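Notes for the one structure printed next.
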There are 2 protein chains.
Amino acid sequence: MIIQVDFNSNEAIYMQLCKQIIIGIANSQIKEGDNLPSVRELAEDIGINMHTVNKAYSILRQEGYLKVDRRHGAIIAIEVDRYKAQLELVEELKISLAKAISRGISREEAKDMVDRIYDIYLGSK
Amino acid sequence: MIIQVDFNSNEAIYMQLCKQIIIGIANSQIKEGDNLPSVRELAEDIGINMHTVNKAYSILRQEGYLKVDRRHGAIIAIEVDRYKAQLELVEELKISLAKAISRGISREEAKDMVDRIYDIYLGSK
DNA sequence: CTATTTGTTATATGAATACTATAACAATTT
DNA sequence: AAATTGTTATAGTATTCATATAACAAATAG
């Protein structure tokens, strides 16, 4: 899986890393049990500091996307609290859809976008 | 329209203001042509600094939610670039739905949430 | 006309965050 | 025995967030 950061983005680097890894999980580029490069390796690879990668890994671990095992490094291990997952999604949709409604995007358009994004992530599944 | 901020939130105050105003537009608490309290008034009201409110208003103006008229203060004036609006929504859904998929939330569940949120904002419209 | 209120701009300060740098540690692998 | 793992600690710089005070031109109210 290729990870790259935009140094000109106003989004924090550690946040870009988190997002790309989560997207990688969604589209099955990386799966349960796969291991991520070591913090030093990935940092070297991208050309950033080790601690920035470590911060991203720590957040992903805290949010239940991976576990860290001294023997195998960071490995993908999804831990789902369905209720929390739903709450978080609702919270994020609330603001995104408020913008959408303010700008005249219809309910059907929004749901079509959800469909299209699910298609992209899941392929034909 | 009642605006209140959570000082213990890790979300910036100016961002909380932006979101609440956008949500207020989505659910028709405030409409095209309505005017918002002056930066000093709202700041006084909430108990925050004038510049924090000004920052929120400036962002909302820049993003096409309101215009500032010296005669009437800040008034809601939605300026929609449909293409930009769609791009922004897709971009936000991409990460929200990646998390959802990683956590086993189905396509239908996600679309149901969209429906429910649209219902909440639009009422029976 | 005068006084007040409007958004806006400028400058400064303190706190928090983001990123980097160097270093060290115990556990594990080679 | 040497190297690599995640983790922790400390420190420095840059940026952001929120505050405070001050001033400006434009517009409103009395």
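Model, not experiment: these values are computed from the prediction. Convention: sequence-line order gives letters A, B, ...; per-chain numbering from 1.
A heavy atom closer than 4.0 Å to some atom of DNA chain D occurs in A:Val39, A:Arg40, A:Met50, A:His51, A:Asn54, A:Arg61, these being the qualifying members of residues 39-61 of chain A.
Atom CG in A:Asn10 sits about 15 Å away from atom C1' in C:dT17, given to the nearest Å. We find that CD1 of A:Ile13 is positioned 11 Å from P of C:dA21, with the value rounded to whole Å. Going from atom CG of B:Asn35 over to atom P of D:dT28 covers 13 Å, rounded to whole Å. Atom P of nucleotide C:dT8 and atom NZ of B:Lys67 are separated by 13 Å, given to the nearest angstrom. In this structure, B:Met15 places its CE atom 13 Å from P of D:dT16, rounding to the nearest Å. Distance B:Gln16 CD to D:dA18 C1': 13 Å, rounded to the nearest Å.
Between B:Asp119 and A:Arg107 there is a salt bridge, with a side-chain nitrogen of the basic residue lying less than 4.0 Å from a carboxylate oxygen of the acidic one. Ion pairing between a basic and an acidic side chain is recognised when a charged N comes within 4.0 Å of a carboxylate O; A:Lys99 and B:Glu63 show no such pairing.
A donor-acceptor contact under 3.5 angstrom links the side chains of B:Gln86 and A:Glu109, judged on distance only.
Contact detail for B:Ile101 and A:Ala26: the closest heavy-atom pair is CG2-O, 3.9 Å. Summarising the geometry of B:Ile21 relative to B:Ile3, their closest heavy-atom pair is CG1-CD1, 3.9 Å, with the distance given to 0.1 Å.
Checking the phosphate oxygens (OP1, OP2) of D:dA18, no side-chain nitrogen or oxygen of B:Tyr14 falls inside 4.0 Å.
For the pair B:Tyr121 (side chain) and A:Lys94 (backbone), a donor-acceptor distance under 3.5 Å is present.
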